[in-house]
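We use all heavy atoms of the structure for the numbers below, so side chains are in, but hydrogens, waters and symmetry mates are not.
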Amino acid sequence: MESHLRDIASQFCPSNAIASLSPLGNGRINDTYLVRLTAPDSSFVLQRINATVFPQPEAVMRNLALFAQHATEQLPQLALPSDRRWEIPVVLSAVNDEQPFVYDSTGDLWRAIGFIDNSISVDSIQTVAQAEEVGIALGIFHTLVSDLPCARLTDTLPGFHITPRYLQQYDERLAAGLSPQHRENCADCMQFVEEHREVMGVLEKAKAAGILTVRPIHGDPKVNNILFDRHSQRAISIIDLDTVKPGLIQYDIGDCMRSGCNLAGSNATDLESVRFDLQNFQAILQGYCSVARSFLSERDYDYLYAAIHLIPLELGLRYLTDYLNGNIYFKVSYPEQALERARVQFALTSSIEQQRDEILIKIEHQQSHA
Ligand code: ADP
Ligand code: MG
């Protein structure tokens, strides 16, 4: 394996320049390695794109290259404070080719991205200061791409975050008939879905009515995809750009809050412990708006609560459907895990409903400072 990896790595650098090659990070989708070079400043990250998740890897790479070029041009316009380090991942070209990727003998696509040194990534938000940094990172990202025309990006994950489509897939599964055991096991979750049918279309309706507009989004803005400076602990980059595509920024904000404000985690086993944490919410929102204020419209603010409420509901619905389908999409350690994860997301949705007024006040507060 080591020599196979070295062969691939050496298509992005002179082979005698490789000092070491080791697995990197806790990513769940791609295979990621750090290739340290004898000239340390040019170390890079070597990644195999997961072909099951991304059936069009070359389109993913085109989006990534477009993003990187556009964001690099825009960064100076942002006039970030001079003490704010911000890095845009650099996509490397293969040595003997113009392309920014190579294929291995099994047909998998590999790419190389400049290593962002002196950085750390964390799997969950530890402090309120970190929560604010997460919001700042997403705000910087959205601002950098706010005028990148969507028509130039490929939709690499059609249907992603289109909640009514997930509901339709759920309904199709129900129509195919459930076993008595499934009916019994899932009764609570199925009831939750029935009680929430009406709200599932809220963002898509606003999109169709032209109230919300499609813009480039990150697609996976969870804390693990944000790099922090090892010394200052401030956010310095947002990585994992495979899901950059056209969408609603509300999807990203909802997803960021869903992962960042559930302190019990998405695999919580005690449902009582699942709460939407208002402190983290306020800090992420404050960080986000401090940067994104420049391009957020009144309508964007109007749909923030809807998004924060919808995205955990949507994920719960997807887990539930996948459980009923026999766990074909999400990886699980045991069959009931997807159902348990659905319950966690629905508990988070309920917690958001219970704190609706407080959440709305915090959003209004940000809006009034816009
Ligand atoms: P996945 O899609 O599998 O989550 P990521 O692109 O998020 O893959 O990479 C996995 C981990 O590798 C990240 O969480 C981070 O710790 C590390 N990593 C990835 N790219 C870089 C980079 N350019 N510089 C530094 N660390 C990186
Ligand atoms: Mg990742």
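Identified under the ring-ring contact (aromatic ring centres under 6.0 Å, His included) test for residues 242-268, with sequence neighbours left out: His161-Tyr251.
When the shell of 6.0 Å around CD of Glu194 is examined, it contains more than 12 heavy atoms from other residues, nucleotides or ligands. The neighbour count for Glu353 CD, taken as heavy atoms of other residues, nucleotides or ligands under 6.0 Å away, is above 12. When the shell of 6.0 Å around CG of Asp270 is examined, it contains more than 12 heavy atoms from other residues, nucleotides or ligands. For Glu184, the CD atom counts as loosely surrounded, since its 6.0 Å shell holds 12 or fewer non-hydrogen atoms of other residues, nucleotides or ligands. Shown here is Glu298, whose CD atom has no more than 12 heavy atoms of other residues, nucleotides or ligands within 6.0 Å.
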Check against side chain to side chain donor-acceptor pair (under 3.5 Å), Ser351 and Gln355: CA-CA 6 Å; Ser351 173; Gln355 301 180 88; 3.1 Å; yes
Test ring pair (Phe, Tyr, Trp, His ring centres under 6.0 Å) applied to Tyr33 and Phe115, step by step: CA-CA 10 Å; Tyr33 300 89; Phe115 177 59; over 10 Å; no
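Between Phe346 and Phe192, the gap from one ring centroid to the other is short of 6.0 Å. With ring centers used as reference points, Tyr323 lies under 6.0 Å from His182.
Here the CG-CZ distance, from Leu167 to Arg197, works out to 4.5 Å after rounding to the nearest 0.5 Å.
Both Val202 and Leu348 belong to a single network of hydrophobic side chains, linked directly or stepwise wherever heavy atoms of I, L, V, M, F, W or Y lie under 4.5 Å apart.
Between His218 and Thr243, the closest side-chain pair of non-hydrogen atoms falls below 4.5 Å.
Of all heavy-atom pairs spanning Ala292 and Thr143, the tightest one is CA-OG1, 3.9 Å. Nearest approach of Asp255 to Arg258, heavy atoms of both residues: OD1-NE, 2.9 Å.
Using modelled atom types, one finds no donor on one side chain facing an acceptor on the other under 3.5 Å when comparing Asn50 with Asn30.
Taking the centre and axis of the six-membered ring of Phe330, the NZ or CZ atom of Arg341 falls outside the cone set by 45° and 6.0 Å.
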